[in-house]
Amino acid sequence: MQQTIVIITAHAFEARAAAQAGTGVTREPWGQWMLYRGDLWDRPLAVIRCGPGKTAAAAATQASIQYLDPAVLLSFGVAGSYESTTAEGTMVVPRAVVDVALSELGGLPVEIPTRFEPDETLRRALLEVPGTSDGIVLCW
């Protein structure tokens with residue numbers, strides 16, 4: 001059995017947009033979430049609409065690891081770019097993801113990372129897709 005390409009989204013319009021990349025996609029409730037299943041290229045595709053927030057995304061990620069055997073996990077969201085040169089509709093492939101909310105927490109007894117570096121092999125492959133751009137992604 002082939003591993004699944006899993007895409008985690010917060011909102012319905014994001015899930016529908018991500019699912020449109022696949023073929024033969026069906027939609028079904030999956031616990032409290034909505035699951036879109038189909039194929040992407042030669043692999044199974046699963047898009048999970050989990051609702052907004054880090055806790056929802058973390059729970060959906062854990063469930064996908066337990067039940068969907070992901071080959072790769074992608075967090076997909078629609079957002080704006082702080083760079084005025086980024087054209088509307090551009091997929092930004094991050095050099096780094098900086099969590100602005102976490103960076104504003106202070107005085108915690110543990111170190112919490114606020115900057116995340118993506119896998120360079122995956123990043124280079126995504127940059128070959130037409131319409132992508134290289135950049136820093138800020139999240140909250």
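Among all heavy-atom pairs drawn from E14 and G77, the shortest one is OE2-CA, 3.4 Å. Of all heavy-atom pairs spanning P118 and P94, the tightest one is CG-O, 3.0 Å. The two atoms that bring Q3 and P70 nearest to each other are NE2-O, 3.3 Å, heavy atoms only. Heavy-atom minimum distance, P52 versus A56: O-CB, 3.7 Å.
Evaluation of the side-chain contact (heavy atoms from CB on, under 4.5 Å) rule for R16 yields A12, F13, Y36 as partners, not counting sequence neighbours. R123 pairs by the salt bridge (Lys or Arg N to Asp or Glu O under 4.0 Å) definition with E120, D134, not counting sequence neighbours. T90 pairs by the side-chain contact (heavy atoms from CB on, under 4.5 Å) definition with T86, A87, S133, not counting sequence neighbours. Residues meeting the side-chain hydrogen bond (donor to acceptor under 3.5 Å, both in side chains) test with Q20, sequence neighbours left out: none.
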**Message:** Between L126 and M91, is the side-chain contact (heavy atoms from CB on, under 4.5 Å) condition met? List the steps.
**Reply:** CA-CA 9 Å; L126 288 171; M91 181 176 84; 4.3 Å; yes
**Message:** For a side-chain contact (heavy atoms from CB on, under 4.5 Å) check, start with the C-alpha distance between T61 and Q66, then their side-chain angles and the critical distance, and finish with the verdict.
**Reply:** CA-CA 9 Å; T61 299; Q66 283 183 275; over 6 Å; no
**Asked** Hey, mind stepping through L45 and I7 against side-chain contact (heavy atoms from CB on, under 4.5 Å) and telling me if it holds?
**Response** CA-CA 8 Å; L45 169 68; I7 302 173; 3.9 Å; yes
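Taking the side chain as every heavy atom from C-beta outward, V47 and T9 approach each other to under 4.5 Å. Residues I5 and W41 are in side-chain contact: their nearest non-hydrogen atoms beyond the backbone lie under 4.5 Å apart.
In this structure a side-chain-to-backbone donor-acceptor pair under 3.5 Å is missing from Q62 to A58. In this structure a side-chain-to-backbone donor-acceptor pair under 3.5 Å is missing from E128 to A125.
Evaluation of the salt bridge (charged side-chain N to carboxylate O under 4.0 Å, His left out) test over residues 23-51, restricted to residues two or more places apart or in two chains, returns none.
Clustering of Ile, Leu, Val, Met, Phe, Trp and Tyr side chains at separations under 4.5 Å places I48 together with V6, I8, W30, W33, L35, I65, Y67, L68, L73.
Separating the CE atom in M34 from the SG atom in C50 is a distance of 12.5 Å, to the nearest 0.5 Å.
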